[in-house]
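So you know, we letter chains A, B, ... as the sequences are listed, proteins then strands, and number each from 1.
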Amino acid sequence: MAYWLVKTEPADGGLLDFQAAGSASLVWDGVRNYQARNFLRAMDLKDEVLLYHASCAEIGVVAQLKVARKPYPDPLQFDPESPYFDASSNQCQPRWTAVDLALVRAFPKVALLTTLKRTPAFEGSSLTRKGSRLSVLPINKDQWRAVMTLAGG
DNA sequence: GCCAACGTTGGC
DNA sequence: GCCAACGTTGGC
């Protein structure tokens, strides 16, 4: 079993979107970075996922998610109308990957980035490193526990 | 709005 | 294959 963290802006696949979906899952698509894609491809149904809000007033981890569907080809790469369309991808060997994620629970508190930066478990993590643009990343058990504590979960 | 970080692109 | 230019991410 592995732990992951996925980043988003609150208005685009944020906590409100998951709460609106209820027990239904949301498609986590549009990832167009090879390192992040490789992490997506490594996701499994048993894995645990943290939801992170970026570029907003309260930057940090807001909820726990689960993997509702194993990695599959991101449909948007084949959609010419989509900004995520990739003309150089093809059906036989799709370049980009999506998963479906569903809300497990919103945390009582936001585990703020400012706090995580002072948390030893996150020292050297690409989450807290300045300028990191990685939007899907693995989390170790210590980091998971630290988030649980800070989030009041 | 600014700007640092950094991935990607394209000329050579 | 190098590297400058460019675009995007994301904290502040």
Going through the checks in order, is the side-chain contact (heavy atoms from CB on, under 4.5 Å) test met by A/Trp28 and A/Arg69?
-> CA-CA 10 Å; A/Trp28 204 263; A/Arg69 181 180 168 188; over 6 Å; no

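- Each of A/Tyr34 and A/Leu5 belongs to its own hydrophobic cluster when Ile, Leu, Val, Met, Phe, Trp and Tyr are linked at side-chain heavy-atom distances under 4.5 angstrom.
- A donor-acceptor contact shorter than 3.5 Å links the side chain of A/Ser82 to the backbone of A/Tyr84.
- With A/Glu58 contributing its side chain and A/Val110 its backbone, the two residues share no donor-acceptor pair below 3.5 Å.
- A side-chain donor-acceptor contact under 3.5 Å links A/Tyr72 and A/Asp100.
- When every heavy atom of A/Val6 is checked against every heavy atom of A/Leu101, the shortest pair comes out as CG2-CD1, 4.1 Å.
- Classification of the A/Phe39-A/Trp4 ring pair by plane angle, with boundaries at 30° and 60°, yields tilted.
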Pairs: protein N or O with nucleotides 1-7 of chain C N or O, under 3.5 Å:
unit_1 : atom_1 : unit_2   : atom_2 : d
C/dG7  : N2     : A/Arg133 : NH1    : 3.1
C/dG7  : N2     : A/Arg133 : NH2    : 3.2

At a cut-off of 3.5 Å, list every protein nitrogen or oxygen paired with a nitrogen or oxygen from nucleotides 8-10 of chain B, distance to 0.1 Å.
none

